[in-house]
Number of protein chains: 2
Amino acid sequence: MNREDALSIIKSFLLELLPDLSEEAWNEFAKRVIIHKYKKGEVVYKPGVVCNYVSYICSGLLRSYFLIDGKEVITAFADTNSYFSDYESFLTQQPVRMYTDALEDTVVVDIDYNNLQELYSTYHDCEKIGRLIAENLFIELSNRNYDFQFDGPEKRYEKFLEQCESIVQRIPQYMIASYIGVTPEALSRIRARRNNGNGNVLVDQDQ
Amino acid sequence: MNREDALSIIKSFLLELLPDLSEEAWNEFAKRVIIHKYKKGEVVYKPGVVCNYVSYICSGLLRSYFLIDGKEVITAFADTNSYFSDYESFLTQQPVRMYTDALEDTVVVDIDYNNLQELYSTYHDCEKIGRLIAENLFIELSNRNYDFQFDGPEKRYEKFLEQCESIVQRIPQYMIASYIGVTPEALSRIRARRNNGNGNVLVDQDQ
DNA sequence: AAAAGTTATTGATCTAAATCAATAAAAAAA
DNA sequence: TTTTTTTATTGATTTAGATCAATAACTTTT
């Protein structure tokens, strides 16, 4: 993945958000981004540092989690072809509270805080994209909230299977458990129950 | 509360977000807002309708809640001098899923969706305010999320008392319970425990 | 292929909060 | 004031999921 290719992917992403994005705004944006690569397992952010970037993930998979008395509580996966940031830290310029690391070798394209603020102020188009992204993040978070308040663990698991189809096969089950807010044991039981419901697994042994 | 007064309150609010807000953008904004009054108990939004406004609450108190098999689950209070919207519905222009009603007689200043989009496109300053508001809402929601995942009910109650001091005295306790995600019985017990901790309530009866 | 290290399953027990039920206290209406 | 309605407390029971513990199934390394 070279810079050309990465930029072209991001450009189509931005054009989807804002079809009439001006060439000038795009060019200024493109000038300022930098490419960053992480090996599988590498830490991207850890508590104490400020998240200074919004990233577009060109390839790979990131995940964020809280470490609460020795236990990981995963709050987000960020897959290829989506953007990622510890947005709370980025916006407030306060230290992150979560770890973020790479679950696979990952290539991202970053824009840093100062450059982005400059683009926001200079180009109405960039400002608009910033608004649209913040709005989308808000909606996503609202939905996740809703799931946690009103869907039981089973339903959250079902939804995860549907909505994160492309991630399911790439991560161990205990990470899914963490993300949907249950212990690995509980998820295992949910799966056992599911398999009794439909006749997939239990079959007569003899004759 | 007349239009003049209301607008002046909103103007200072917006200037706090964006100190160099242009007079022109402000004037165009001011032209387009409308004032709306609700009696105590009046329904502002109910499931099925689209939320077409972002409101600034000049006086009064609103609250939003889901109705889940006959039970209210409160997700937000919006007090005097803050803005309010069923933002998910507003942004997506899809029907709201929550009820919103007035807990007190309330006066709000509304801007509607189409007018706001127009302002966004025409005035970079408006766009910027829109971004900042979306970002703030995201941060607020992140924090509420964090509280629900990592703070127990006791701590959520403590935080509510601190952070919503001005609301506490104005609403019944069962609404606080609902907002912090427990039953009224559970909150009553939390309070009983608190009162044993410090020696405020239990005193010797005779002599 | 064997060994070591992960990850997943299954069972037994524990626990925080929900639910159910009754009463008490406070507020509003008569 | 008395009555009625709303709100809060307290106790008993239930329950979903956590925790603890052991084993089994996979993976990876050697």
Side-chain angles (χ1 to χ4, degrees), chain A residues 39-41 61 63 65-74 77 101 103-105 147-158 160-161 167-197 200-203 205, chain B residues 39-41 61 63 65-74 77 101 103-105 147-158 160-161 167-197 200-203 205:
Chain A
K39 284 270 160 227
K40 176 174 177 168
L61 180 61
R63 123 293 195 162
Y65 61 95
F66 287 95
L67 200 60
I68 304 287
D69 33 68
K71 283 180 184 156
E72 295 176 0
V73 180
I74 297 174
F77 298 105
D101 61 10
L103 296 179
E104 300 171 352
D105 290 355
D147 293 345
F148 265 82
Q149 273 212 302
F150 300 113
D151 293 341
E154 290 83 349
K155 196 156 175 196
R156 289 204 295 278
Y157 179 58
E158 298 293 346
F160 184 85
L161 292 183
I167 298 179
V168 174
Q169 312 95 353
R170 293 191 274 162
I171 60 175
Q173 196 170 296
Y174 72 84
M175 287 194 185
I176 300 178
S178 179
Y179 181 77
I180 66 173
V182 297
T183 56
E185 294 93 324
L187 178 54
S188 177
R189 284 175 182 121
I190 287 167
R191 285 162 48 84
R193 265 176 261 146
R194 267 165 57 85
N195 287 334
N196 287 355
N200 277 349
V201 167
L202 295 175
V203 245
Q205 226 78 45
Chain B
K39 284 269 159 231
K40 176 171 176 170
L61 180 61
R63 127 285 201 166
Y65 62 95
F66 287 94
L67 199 59
I68 303 287
D69 34 68
K71 283 180 185 157
E72 296 176 1
V73 179
I74 297 174
F77 297 106
D101 60 11
L103 295 179
E104 302 171 352
D105 289 357
D147 294 346
F148 264 83
Q149 272 213 301
F150 300 114
D151 294 340
E154 291 82 348
K155 196 157 177 196
R156 289 203 297 276
Y157 179 58
E158 298 293 347
F160 184 84
L161 292 183
I167 297 178
V168 174
Q169 311 96 352
R170 294 191 272 161
I171 60 175
Q173 195 170 298
Y174 72 83
M175 286 192 187
I176 300 178
S178 179
Y179 182 76
I180 66 174
V182 297
T183 57
E185 294 95 324
L187 179 54
S188 177
R189 283 174 182 124
I190 287 168
R191 284 162 50 83
R193 264 176 262 149
R194 267 164 57 86
N195 288 336
N196 288 355
N200 277 350
V201 167
L202 295 175
V203 246
Q205 224 77 46

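Since the structure is predicted, the reported quantities are computational estimates derived from the model, not experimental observations. Naming: A, B, ... by sequence-line order, numbering from 1 per chain.
Atom CG in A:D151 sits roughly 12 Å away from atom P in D:dG17 (whole-Å rounding). A straight line from CZ of A:F150 to P of C:dA18 spans 13 Å, rounded to a whole angstrom. Computed from coordinates, the B:R194 CZ to D:dT10 P distance equals 15 Å when rounded to whole Å. Rounded to whole angstrom, the span from the CD atom of A:E72 across to the C1' atom of C:dT6 amounts to 14 Å. One can place CD1 of B:I180 at 10 Å from P of C:dA17, the figure rounded to the nearest angstrom. The OH atom of A:Y174 sits 14 Å away from the P atom of C:dT9 (whole-angstrom rounding). As rounded to whole Å, 10 Å separates atom P of C:dA8 from atom CD1 of A:I171. Atom NZ of A:K40 is separated from atom C1' of D:dT27 by 11 Å (rounded to the nearest Å).
Applying the salt bridge (Lys or Arg N to Asp or Glu O under 4.0 Å) test between B:E154 and each of B:R193, B:R194, B:R189, B:R191 identifies B:R193 as the sole match.
With D:dT9, C:dT19, D:dG17 as the choices, the nucleotide that has an atom nearest any side-chain atom of B:R189 turns out to be C:dT19.
B:T183 has no side-chain polar atom (N or O) that falls below the 4.0 Å cut-off from OP1 or OP2 of C:dA17. Taking side-chain N and O atoms only, B:Q173 has no distance below 4.0 Å to OP1 or OP2 of C:dA26.
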Using the side chain to side chain contact (heavy atoms under 4.5 Å, CB included) rule, take A:Y157 and A:V182 through it: C-alpha gap first, then chi angles, then the decisive distance, then the call. CA-CA 10 Å; A:Y157 179 58; A:V182 297; over 6 Å; no
Between A:I167 and A:L103, is the side chain to side chain contact (heavy atoms under 4.5 Å, CB included) condition met? List the steps. CA-CA 11 Å; A:I167 298 179; A:L103 296 179; over 6 Å; no
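The ring pair (Phe, Tyr, Trp, His ring centres under 6.0 Å) test applied to A:F66 returns B:Y146, B:F150, not counting sequence neighbours.
In the interface, the side chain of A:E185 is paired with the base of D:dC20 through a donor and an acceptor atom under 3.5 Å apart.
Between A:V182 and B:R191, it is B:R191 whose nearest contact on DNA chain D lies nearer the 5' terminus.
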